[in-house]
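Remarks on the structure that follows.
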Amino acid sequence: QVQLVETGGGLVQAGDSLRLSCAASGRTFSSYGTGWFRQAPGEEREFVATISWRGGSTYYADSVKGRFTISRDNAKNTLYLQMNSLKPEDTAVYYCAAKVGISYSRTLDEYDYWGQGTQVTVSS
């Protein structure tokens, strides 16, 4: 069992940056592939970024590629999402997720554990 808690969301202006953190507790964090997803009002939850267990492999949604960076610190049991050049369309609740197994995945259904989410609002 893994518990995930996201922090770092907030209200920013277009062009600003934010860094989200996801603190994990429970079983060994390094044994899990991890990812970030987001859900805007009235929309389905969508993939944002994913990283493998050692951080050697990453994959991004086209909409955030070049602006967002996912990383993890297994010693601190923490997952990060650095978000630069934010746009109003990035407004959503952001969720971190963990999946059993060391590989990464873009597929929401492959994830076993989810945080409660943190709100990111980008004004124009």
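Please read all numbers here as calculations on a predicted model, not as lab measurements.
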**Complete:** Gln116 meets the side-chain contact (heavy atoms from CB on, under 4.5 Å) criterion, sequence neighbours left out, with Val5, Glu6
**Minimal non-hydrogen separation, Ala97 against Tyr111, with atom names** = CB-CD2, 3.4 Å
**Request:** Using a cut-off of 6.0 Å, state whether more than 12 heavy atoms not belonging to Arg45 lie near its atom CZ.
**Result:** yes
**Request:** Can you tell me which residue pairs pass the disulfide bond (SG atoms under 2.5 Å apart) test with a partner in residues 35-95, sequence neighbours excluded?
**Result:** none
**Asked** Are Asp90 and Met83 side-chain neighbours, meaning at least one heavy-atom pair lies under 4.5 Å?
**Response** no
**Message:** Applying side-chain contact (heavy atoms from CB on, under 4.5 Å), can you list everything that pairs with Gln82, at least two apart in sequence or on another chain?
**Reply:** Ser17, Arg19, Thr69, Asn84
**Item:** Any donor-acceptor pair under 3.5 Å from Ser124 side chain to Pro88 backbone
**Value:** no
**Message:** Test of understanding: with side-chain contact (heavy atoms from CB on, under 4.5 Å), list the residues that count as partners of Ser63, not counting sequence neighbours.
**Reply:** Arg38, Ala61
**Prompt:** Among pairs that include at least one residue of residues 46-91, which meet ring pair (Phe, Tyr, Trp, His ring centres under 6.0 Å), considering only residues two or more places apart or in two chains?
**Reply:** Phe37-Phe47
**Item:** side-chain contact (heavy atoms from CB on, under 4.5 Å) against Val12, all qualifying residues, sequence neighbours excluded
**Value:** Asp16, Leu18, Leu86, Val122
**Value rounded to 0.5 Å, distance of OG in Ser31 from CG in Asn74** = 8.5 Å
**Message:** Side chains of Thr50 and Lys99, heavy atoms from C-beta outward: is any pair under 4.5 Å?
**Reply:** no
**Fill in**
Residues Ala92 and Ala40: closest non-hydrogen pair is CB-N, 3.8 Å
**Message:** Give me the atom names and distance for the closest heavy-atom approach of Tyr113 to Val100.
**Reply:** CE1-CG2, 4.4 Å
**Message:** Less than 4.5 Å apart, side chain to side chain, heavy atoms only: is that true for Leu4 and Leu79?
**Reply:** no
**Fill in**
When every non-hydrogen atom of Glu110 is compared with those of Ser105, the smallest separation belongs to OE1-OG, 2.8 Å
**Asked** Of all heavy-atom pairs between Leu81 and Ala49, which one has the smallest distance, and what is that distance?
**Response** CD1-CB, 4.3 Å
**Message:** Would you compute the distance between atom CH2 of Trp36 and atom OG1 of Thr118 and round it to the nearest 0.5 angstrom?
**Reply:** 7.5 Å
**Asked** If two hydrophobic side chains count as joined below 4.5 Å and joins carry through other members, does Leu20 share a cluster with Val64?
**Response** yes
**Message:** Would a single hydrophobic cluster contain both Trp114 and Val93, if residues Ile, Leu, Val, Met, Phe, Trp and Tyr are joined by side-chain heavy-atom contacts under 4.5 Å?
**Reply:** yes
**Message:** Please find the pair of heavy atoms, one from Glu43 and one from Gln39, that lie closest to each other, and give the distance.
**Reply:** O-NE2, 3.1 Å
**Request:** Taking only Lys NZ, Arg NE, NH1 and NH2, and the carboxylate oxygens of Asp or Glu, determine whether Lys65 and Asp62 approach each other closer than 4.0 Å.
**Result:** yes
